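For reference, the structure is listed below as structure tokens.
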Amino acid sequence: MAIASHLHQLFNTETCQAYIHALRWKDRPLQCPRCQSHHVGPWGTYHYQPGLQRYRCKEQGCKRTFNDLTGTLLDGSKRSLAHWMLATFLLCLSCSSRRIARELGVHVRTGYRWCWWLRNAALSYETHRQLEGTVEADDLYHIAGHKGQATGGGKKALGRRARGRRKKREPGRGHYDKDRPAIIAWVSRQGAVVLQATKDFTVQTVQKAAEIAVRTGSRLYTDSASSYRAVTGYMHDFVNHTKKEYARGDVHENRAECLFSLLKPYLRVFRGISKTNLPGYLGFFQFLRNFRQLTACEQAEMILYAALDPSVASRARKGEFVKCLDHFDLLQTARN
Ligand SMILES: [Zn+2]
């Protein structure tokens, strides 16, 4: 029998509170989360949450109290701050939500919800990323079906035979409607990456995807797929894989292919992803790659910093950052 079955038992409550307090007000002025007034002062503490400072807004007509967690993603949670900090840390080590729930001793659904919120908070760093300079591009088709998409939980009437352990691959190029959407990776030679899930790989989609991910006028290196060759607005060069040409001097897309070799094992951890959730997972992987020089602990701190911002927290709960990165309707927008 283990003496400590969960790591959060070894955390000191006051240290956690002090850390969250420092992170909450770091580079952000102490202000009332309701009327944004800076006319606030300390107003005692809570005896059930040691170390949590309470404040009171002194503005006429407001006079309400708040604390370090009011309006943040952690607001209203019955679990301790140590739970949240560990969950964020494990998320950055690419653990699945079930694994995190097990390690923390919380319910699977709590783990899933937290992961989804925290991933959303991380996406707030990625919504406006655009690459420039020399950019490599490559595409991949990932199997993504309807996992967990039954309305009201339980099993969904599929209207077809269950596919068994795993969806079998159909021949040819993938498509969203065939449960095999395309993923396009844009990798800057300066290091930044952008990943997009798109419904298909037509000329219009790739053109629109390029305009979102890469600044016009940049240099673009791809393979010889016709959709890339039709892209306009970039200095474009490509290698011909069918002629066994993988690099011609500076022209190659090995970084983009390397990114996929990292993405595949990352996605495998989740044992199948529904196509509606794919953009969220890709966006989080993009965040992890773009801040790969940081340790998981430092990445977790970035996510917690975003989660402690009330404006980010409310958008993260609604999943608005995923919507910014969801490119499945790309073709429709391109046609309009
Ligand atoms: Zn106020």
Side-chain angles (χ1 to χ4, degrees), residues 8 11-89 91-92 104 106-107 109-129 280 283-284 287 291 297-325:
H8 63 81
F11 278 53
N12 178 296
T13 322
E14 264 124 76
T15 318
C16 291
Q17 286 291 0
Y19 174 70
I20 291 294
H21 174 83
L23 210 54
R24 171 70 181 89
W25 305 111
K26 186 187 152 207
D27 308 325
R28 292 186 279 229
L30 182 62
Q31 61 178 31
C32 170
R34 294 183 183 92
C35 67
Q36 320 307 328
S37 164
H38 297 286
H39 195 46
V40 293
W43 194 257
T45 49
Y46 303 84
H47 37 95
Y48 59 93
Q49 274 171 310
L52 184 61
Q53 175 67 51
R54 194 180 190 194
Y55 309 91
R56 184 167 185 256
C57 177
K58 291 174 184 160
E59 204 63 43
Q60 283 299 328
C62 185
K63 299 277 185 198
R64 293 178 72 180
T65 63
F66 61 95
N67 58 46
D68 293 343
L69 302 181
T70 304
T72 69
L73 215 52
L74 284 61
D75 193 5
S77 174
K78 288 181 205 156
R79 300 294 181 172
S80 70
L81 296 178
H83 278 95
W84 279 93
M85 283 149 62
L86 271 170
T88 319
F89 175 66
L91 192 71
C92 293
L104 297 186
V106 299
H107 196 273
R109 261 174 289 193
T110 309
Y112 183 81
R113 190 174 63 250
W114 285 11
C115 286
W116 202 234
W117 283 352
L118 291 168
R119 271 199 198 98
N120 259 282
L123 295 190
S124 64
Y125 293 102
E126 297 298 324
T127 44
H128 298 295
R129 191 174 291 278
F284 188 68
F287 166 81
F291 295 96
C297 186
E298 290 164 334
Q299 289 170 341
E301 187 171 285
M302 280 185 74
I303 298 174
L304 284 171
Y305 179 76
L308 288 169
D309 184 334
S311 62
V312 173
S314 69
R315 296 182 69 193
R317 279 179 201 251
K318 289 183 227 155
E320 283 179 17
F321 296 112
V322 177
K323 282 174 205 156
C324 294
L325 297 173

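When a ligand or atom number is given, it counts from 1 through the structure's own listing order. Keep in mind the model is a prediction, meaning the values are calculated, not measured.
Within 6.0 Å of atom CZ in R64, 12 or fewer heavy atoms from other residues, nucleotides or ligands are found, so the atom counts as exposed in its surroundings.
F284 meets the ring-ring contact (aromatic ring centres under 6.0 Å, His included) test with F287; sequence neighbours excluded. By the side chain to side chain donor-acceptor pair (under 3.5 Å) test, T15 pairs with N12, sequence neighbours left out.
Side-chain contact between S37 and C62 is absent, with no heavy atoms from C-beta onward closer than 4.5 Å.
Remark: side-chain polar atoms of R24 are not paired, donor with acceptor, to backbone N or O of L30 under 3.5 angstrom.
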Could you list the donor-acceptor pairs under 3.5 angstrom formed by side chains in residues 115-124, with sequence neighbours left out?
from: N120; atom 1: ND2; to: W116; atom 2: O; distance (Å): 3.1
from: S124; atom 1: OG; to: A121; atom 2: O; distance (Å): 2.5

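Note on the Zn ion (ligand 1): protein N/O/S atoms under 2.8 Å are C32 SG, C35 SG, C57 SG, C62 SG.
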